Amino acid sequence: MAGPTPIALIDCNNFYVSCERVFNPRLEGVPVLVLSNNDGCAIARSNEVKALGIKMGDPAFKLRPLIEKHGIRVFSSNYVLYGDMSRRVQEALGQFSPETECYSIDETFLDFGGFPHVDLWAYGQEMRGTVQKWTGIPTCVGIGPTKTLAKLANAVAKKNPTFGGVCDVMEEPVRAAVLRAFEVSDIWGIGRATTAKLAGIGTTTAAQLRDLSPKRARSMGTVVLERTIMELRGLPCLALEDVAPQRKGMACTRSFGRVVTSKAEMLEAVASHASRAGEKLRQHGLVAGKLTAFFHTSPHRDDPQHHASRVTRLFPMSSDTPTLITAASRCVEAAWRQGFRYVKAGVLLDDLCRAEDAPRTLFDAPTEREAKCMATMDQLNVRFGRGTVALAATGIEKGWKLRAEHHSPCYTTRLAEVPVVRA
DNA sequence: TCTGGGGTCCTAGGACCC
DNA sequence: TCTGGGGTCCTAGGACCC
């Protein structure tokens with residue numbers, strides 16, 4: 001009888017830090033930190049930085065003393081570089097299974113069911129070696145009968161060097177031992193709220209959660225928790241999704257580089273986000289049926305608080321920038337309240353569908369001219385750089401734009417920034 | 001002075017209908 | 001002296017993920 005299908009999860013170690021190191025070997029062995037947009041908080045840490053006690057999401061301004069004391073090398077996030085490196089990793093992984101699911105920028109699930117006589121631990125090692133050789137990125141691999149167990153095994157491989165970077169929990173005795181030593185809060189899908197609830201009934205390890213009755217779980221939480229229990233028992237509830245499902249929504253949001261208090265600036269910022277959202281829609285060949293514009297004050301300040309948000313239907317559905325800007329501006333006008341110190345704004349698009357599937361009505365205005373205009377604008381911006389052609393509504397000065405003071409070069413995607421080796 | 005951005009899924013509750 | 005029952009659709013908000 002065939003056993004359950006092994007699923008592997010390969011995860012890049014400290015991915016953004018590793019990307020920076022590939023192109024700057026001097027960063028090897030020293031503490032490296034990558035900051036979020038706006039240089040706001042920590043989002044990727046080298047092992048040296050983790051050892052200093054710096055946590056994911058720690059605000060950068062609080063880290064200043066530690067950064068100086070330990071000579072931490074700090075980078076703004078460079079998503080162009082990380083996205084391109086991720087693509088290269090995916091390419092290498094294609095060698096190892098016909099069925100892969102790119103789960104996030106640094107994680108991929110692979111169906112390892114096709115090789116019944118292969119030593120999976122050794123195969124995992126071969127995969128790590130290939131990714132390292134092709135891209136320079138170090139990885140760890142977890143293997144198990146379900147996605148949740150593969151994730152768990154991966155975390156074990158990362159934390160515990162005795163596994164040599166690959167942890168396989170297909171065998172029941174190994175799995176049982178690993179689950180006993182694994183904290184419930186580290187399980188995929190168990191967040192802060194659920195951890196607290198489970199602690200209330202004395203459930204703190206993965207083994208205890210596995211043995212909890214699904215009925216009890218359902219009454220405490222949702223169907224998600226029930227599924228997690230089944231997955232911990234080795235019964236797959238989550239399929240490998242090798243074709244990406246149609247995305248449902250899209251967001252363009254940013255914190256400001258400084259506080260915004262005037263409606264004119266807010267209109268500019270929201271128009272910019274709407275404009276970017278349009279580009280993204282067209283890039284994916286999509287149109288949107290619903291647009292939300294929002295802006296709000298800082299929850300971290302003592303200021304009076306205000307969260308504003310307005311939704312509007314887009315009918316006919318659209319990806320046309322002037323249409324999106326008009327809709328977003330109406331939302332801002334309707335929601336605007338003077339006298340607050342706003343720190344963030346954004347545009348959300350929902351009810352997405354492929355442009356060719358969009359419903360039409362008898363009374364749709366002809367859109368061919370608009371589409372051509374947008375296509376031309378997109379081409380110019382690709383060729384000569386983002387922002388070469390833009391709608392005036394998005395502003396000229398953009399005093400509200402974010403900071404990024406420690407940006408590394410786009411080594412792999414911008415000709416002027418390709419690394420140069422001198423003889 | 002200074003705390004990211006972009007997603008998904010689930011549930012409860014209201015509106016509405018027959 | 002008394003106010004149905006069941007269904008769908010939509011939305012807001014919570015929780016979680018990377």
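Quick note on labels: first sequence line is chain A, next is B, and so on, each numbered from 1. All values below come from the heavy atoms of this structure, side chains included, with hydrogens, waters and symmetry mates left out. Just so it is clear, the structure is predicted and the values come from calculations on it, not from any experiment.
The six-membered or imidazole ring of Phe75(A) lies away from that of His406(A), with a centre-to-centre distance of 6.0 Å or more. Under the 6.0 Å cut-off for aromatic ring centres, Phe256(A) and Tyr342(A) do not qualify, their centroids lying 6.0 Å or more apart. Between Trp121(A) and Phe163(A), the distance separating the two ring centers is not shorter than 6.0 angstrom.
Inspection of the Asn160(A) and Thr162(A) side chains reveals an N or O donor paired with an N or O acceptor under 3.5 Å. If you check the side chains of Thr148(A) and Glu231(A), you find a donor sitting under 3.5 Å from an acceptor. For the residue pair Gln90(A)/Arg87(A), the side-chain donor-acceptor check at 3.5 Å is not satisfied. The closest side-chain donor-acceptor pair between Asp84(A) and Thr413(A), if any, does not fall under 3.5 angstrom.
If you check residues 63-87 of chain A against DNA chain B, the residues with a heavy atom closer than 4.0 Å are Tyr79(A), listed by number.
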Tabulate below the donor-acceptor pairs under 3.5 Å that side-chain atoms of residues 135-143 of chain A make, not counting sequence neighbours, or state none.
residue: Thr135(A); atom: OG1; partner: Val131(A); partner atom: O; Å: 2.7
residue: Thr135(A); atom: OG1; partner: Ile137(A); partner atom: N; Å: 3.1

Which pairs of donor and acceptor atoms, one on a side chain in residues 177-187 of chain A, lie under 3.5 Å apart (sequence neighbours left out)?
none

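We find the CD-CZ distance between Glu20(A) and Arg73(A) to be 9.5 Å, quoted to the nearest 0.5 Å. The CG atom of Leu33(A) sits 13.0 Å away from atom NE2 of His70(A), with the distance rounded to the nearest 0.5 Å.
Using a 4.0 Å heavy-atom distance criterion, Ala60(A) is classed as making no nucleic acid contact. Among the heavy atoms of the strands lying under 4.0 Å from Val223(A) are primed sugar atoms or P, OP1, OP2 only; no base atom is included. Heavy atoms of Ile105(A) sit nowhere under 4.0 angstrom from any nucleic acid atom. Using a 4.0 Å heavy-atom distance criterion, Lys151(A) is classed as a sugar-phosphate-only contact. Residue Gly57(A) is classed as having no contact, given no heavy-atom separation below 4.0 Å to the nucleic acid. At a threshold of 4.0 angstrom between heavy atoms, the contacts of Arg276(A) with the nucleic acid are absent. Nucleic acid contact for Arg341(A): none, since no nucleic acid atom lies under 4.0 Å from a heavy atom of the residue. Within the 4.0 angstrom heavy-atom criterion, only backbone atoms of the sugar-phosphate kind lie near Asp106(A); the bases stay farther away. At a threshold of 4.0 angstrom between heavy atoms, the contacts of Asn38(A) with the nucleic acid are absent.
Across the interface with DNA chain B, nearest-nucleotide mapping of Lys280(A) and His300(A) shows His300(A) to be the residue nearer the 5′ end. In terms of position along DNA chain B, the nucleotide closest to Arg254(A) lies nearer the 5' end than the nucleotide closest to the other residue of the pair Arg254(A) and Thr222(A).
Nucleotides dC16(B) and dG4(C) place their C1' atoms 16 Å apart, quoted to the nearest Å.
Taking a heavy-atom distance under 4.0 Å as the criterion, the stretch of DNA chain C touched by chain A extends 5' to 3' from dT11(C) to dC18(C).
Counting only Watson-Crick and G-U wobble pairs whose two distances sit under 3.5 Å, DNA chain B takes part in these stems of three or more pairs: B:5-18 with C:5-18.
Residues passing the side chain to side chain contact (heavy atoms under 4.5 Å, CB included) test with Glu48(A) are Arg21(A), Pro31(A), Ser46(A), sequence neighbours excluded.
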